[in-house]
Amino acid sequence: MALVLLVGVSGSGKSTFAARHFRPTQVVSSDYCRAAVGDDENDQSATADAFDLLHYIAGKRLKRGLLTVVDATNVQPSARAGLIRLAKENDVPCVAVVLDVPEGVAQSRNAARDDRSLPPHVVSRQRRELRRHLKRMAKEGLRKVHVLRTAEEIDAAAVVREKSWNDKKELTGPFDVIGDVHGCRAELEELLAELGYRVRRDGEGRAVGAHHPEGRTAVFVGDLVDRGPDTPGVLRLAMGMVGDGDALCVSGNHESKLVRALRGGKVRVAHGLAESLEQLEEAGEEFTARALEFCDGLVAHYVLDGGRLVVAHAGLKEEYHGRASGRVRSFALYGETTGETDEYGLPVRLPWAQEYRGRAAVVYGHVPTLKAEWVNNTICLDTGCVFGGRLTALRYPERELVDVAAHRTWYEPTRPLDADAPAEREPGVVDAADVGAVETRAGELPGGIVDTGHGPVKVPGENTLAALEAMSRFAVDPRWLLYLPPTMAPAPTSADPELLERPREAFEAYRAAGVDRVVCQEKHMGSRAVAVVCRDAAAAERRFVPGSLGAVYTRTGRPFFRDPATEAEVLAELREGIAAAGLWERLDTDWVALDGEMLPWSAKAEGLIREQYAAVGAAARAALPAAADALAAAAGRGLEVSALSDRIAAAGRDIEEFSAVYRRYTWPVEGSAGLRYAPFTVLAAEGAAFTDRDHLWHMQVAERLAEHCPLVRTTRYLVVEAGEEESAAAAERWWESLVGAGGEGMVVKPLAGACAKGAKGLAQPGLKVRGPDYLRIIYGPDYLRPERMERLRDRRLGRKSGLAIREHKLGLESLARHARAEPLWRVHQPVFAALALESEPVDPRL
């Protein structure tokens, strides 16, 4: 179960290699897809649609767990990135086979073909692209990279299929699956004897193995270690059984933590780990080294008996069976939690077993329970032996339970085994306590910490109450609020004394952060608008709000349009365009969320323009001529006022240029007529958040929508190699042309997408580079005067940059939680936190 990328220039022999080593049904070819959508595999105008089809077919195959081979050049990192993401989304490894033949070989092969005419410079360009990134390919997220450099190597190559470590389908049992032992060696020996195993002992009388005369195999569900009296004894017995072929064992979260501790990692020595470390120290270094090797080599789950039995420490959802990724391993070791803790301080777990409908029986442990019971073809065998309960085993396929009583309570449980499980929370209820907006007894607001996939984000207590007021009174129905866009930091202040911002500093900032490839996007002068569009009323009722078909809201979660009829018109146009563009099918969804700019600026900011900007212009045009007349009269009387007169004249010119800027971004609209929407991000669809797609993918989806929807306006963009002078200079020239034509400027973003990582973690989602004319309405008509410019250059951007990253983390988290269909309150938590952070004391001009 894997995705195989064939990588090589045209003429390198990829299709021949694929035909020799894989079945035709396993190979998805870009040429085939181009022919399928354009009736001609050489029709380059069909390339975009062809790769849409290729990704779609590959995604469907991987979702079904089928080996898939992509036959395309794949020489560009961006081309591979989309396919690597596809593998990651489906929790399968991605492998590359690179056919790095000499350019002359490829050129001669292409010249000999009569079904294709390929200019030589195309192959040369492809080879440069391949060679340039070949050494770094292994760091792109590929499991393996095989490089074949000559025609002879390619002809001699053999493809060997390796089974996933968790694939033990050939083992049909019978099995005895044993629950969490936690160092209770005596009880384990007693249970094995009850199951019919004969324990083997060494010269010192220690149990070092156990064999069943009828050939049964024991399967340990993990958590052999910690808390109990004899962790070394349990490990010695289990290791012997596994080594002799009498047992299998999956990793538990306690084995994982023990490995980190023994390797010197930073772990909290709690929950019985201290006892294990002390006992292992007494057992000696040699045994401890063997135990470390054993625990470190344990896989997270096994698929047994032809796929009819799955064993994982904390259980496993059906879509993860047999898959291999960090996400799958995390679920198998820890399960899923709501983020809450119960009255005992333990995490409240999501009831995955109650929703399980798979054909495989899932046997697990992890959560101590008083009695093992079947729930939807799943069963938890952790009956709390170390806490004074019982040690339980399941005979499979007989489905019989066998257990023995604990000899005593070896470790006091945090929550009693007979305590009632915490009541499940109503998923649609939003509580003020979720966001730290409840007063303590001392009358203080505690604030809160939101855990995200990119680290925790703290929300100061003083921010929460104002945000709660705004959200409660003005926001759209919280069921629509799957995301709030983050603020955006400006580029570092320009070294050019005549400019505050320019692209050069943005490129340098990203390079310093370890991001080499960026995309520059035209910055529209509009108002940020998130549009959630449902295909029909059934989709809205199932996923969002009954009786509606979508919502358009602002950066602060408020309805974008005061008139519901206008919103309905905009949503109807978007819905029709999405259908005509085939995006419902392409995204495999019945709703979609977009992030973009609604134009013109005056559609949302008419009051602001009139009261804050037009008022300044009107006042200046009334006052400055009178001042100029008075100075002229004074000069006529012989007074020296020339310097002051020059200042007044300059102020007049400044105010006219100031007024011209905001007038440029206004035009009349009536209802939806005159509006334009420029989406630049596809946020989410059913079961998916598209935060890991690169920006070219988002731009292509927006362009496809614009072809079919008059409301939608495209966003111009340019890909830039931040460290290459020629590429950076071309981008600066483009920026100059944009702002010279009256545009606001551009936004520079990591090409890899919203989840792009830099040298120190998550990269800035974007840096805005605004033009000198536009900045007049931010800093005032006279900001370009040297004395003012000098003061403005010390803008102290650190707080704004930090705020942008924190809000970005929250946005990614809310989308991820929504994609996982977590309860509303869980999605709302990071959304609310993003709004609360907007109260941070940051210069609003940045």
Criterion salt bridge (Lys or Arg N to Asp or Glu O under 4.0 Å) on Lys144 and Glu162, from CA distance to verdict: CA-CA 12 Å; Lys144 293 181 180 178; Glu162 294 180 343; 2.8 Å; yes

Partner set under ring-ring contact (aromatic ring centres under 6.0 Å, His included) for Tyr32, not counting sequence neighbours: none

Residue list, ring-ring contact (aromatic ring centres under 6.0 Å, His included) with Trp697, at least two apart or on another chain: Phe690

Indicate yes or no: at least one non-hydrogen side-chain atom of [X] is less than 4.5 angstrom from one of [Y].
X      : Y      : result
His708 : Leu583 : no
Asp694 : Arg85  : yes
Tyr717 : Lys749 : no
Met525 : Arg770 : no
Val476 : Leu481 : yes
Leu587 : Ile578 : no
Gln521 : Met699 : yes
Leu66  : Thr25  : no

Does the distance from a Lys or Arg side-chain N to an Asp or Glu carboxylate O, for [X] and [Y], drop under 4.0 Å?
X      : Y      : result
Arg543 : Asp590 : no
Asp52  : Arg586 : yes
Glu103 : Arg131 : no
Asp536 : Arg575 : no
Glu686 : Arg542 : yes
Glu813 : Arg817 : yes

Rounded to the nearest 0.5 Å, what separates atom [atom1] in [X] from atom [atom2] in [Y]?
X      : Y      : atom1 : atom2 : answer
Leu86  : Arg61  : CG    : CZ    : 12.0 Å
Arg113 : Ser108 : CZ    : OG    : 12.0 Å
Ile154 : Leu148 : CD1   : CG    : 5.5 Å
Arg511 : Asp516 : CZ    : CG    : 6.5 Å
Trp480 : Ser548 : CH2   : OG    : 4.5 Å
Arg128 : Leu130 : CZ    : CG    : 12.0 Å

Using a 3.5 Å distance criterion without hydrogens, assess whether the side chain of [X] forms a donor-acceptor pair with backbone atoms of [Y].
X      : Y      : result
Glu140 : Pro77  : no
His698 : Val682 : yes
Gln126 : Val75  : no
Arg713 : Ala678 : no
Lys317 : Val328 : no
Glu721 : Arg517 : no
Arg716 : Glu522 : no
Arg323 : Asn90  : yes
Lys14  : Gly8   : yes
Arg127 : Val101 : yes

Pair Val530-Leu683, side-chain contact (heavy atoms from CB on, under 4.5 Å): steps then yes or no: CA-CA 9 Å; Val530 173; Leu683 293 170; 4.0 Å; yes

Are more than 12 heavy atoms from other residues, nucleotides or ligands located less than 6.0 Å from atom [atom1] of [X]?
X      : atom1 : result
Lys163 : NZ    : yes
Lys768 : NZ    : yes
Glu726 : CD    : no

Derivation of the side-chain contact (heavy atoms from CB on, under 4.5 Å) call for Leu484 and Tyr553: CA-CA 9 Å; Leu484 285 183; Tyr553 58 85; 4.0 Å; yes

To check you understand the geometry: which heavy-atom pair defines the closest contact between [X] and [Y], and what is its length?
X      : Y      : answer
Glu807 : Pro485 : OE1-O, 4.3 Å
Ala731 : Met746 : O-CE, 4.1 Å
Ala106 : Ser10  : CB-O, 3.6 Å
Gly766 : Met488 : O-CG, 3.5 Å
Gly141 : Ile84  : O-CG2, 4.0 Å
Trp734 : Cys520 : CZ3-O, 3.5 Å

Side chain to side chain donor-acceptor pair (under 3.5 Å), paired with Glu89, selected from Arg327, Arg693, Lys63: Arg693

Glu541 and Arg479: CA distance, side-chain angles, deciding distance, salt bridge (Lys or Arg N to Asp or Glu O under 4.0 Å) verdict: CA-CA 11 Å; Glu541 182 171 0; Arg479 288 172 287 185; over 6 Å; no

Val570 and Met598: CA distance, side-chain angles, deciding distance, side-chain contact (heavy atoms from CB on, under 4.5 Å) verdict: CA-CA 10 Å; Val570 168; Met598 191 71 72; 4.2 Å; yes

Aromatic ring pairing Phe17/Phe22, orientation class (parallel under 30°, perpendicular over 60°, tilted between): tilted

Candidate pair Phe544 and Trp591, rule ring-ring contact (aromatic ring centres under 6.0 Å, His included), full reasoning: CA-CA 10 Å; Phe544 296 101; Trp591 65 269; 5.0 Å; yes

Working for side-chain contact (heavy atoms from CB on, under 4.5 Å), residues Cys94 and Leu83: CA-CA 8 Å; Cys94 189; Leu83 293 165; 5.5 Å; no

Any donor-acceptor N or O pair under 3.5 Å, side chains Asp91, Ser325: yes

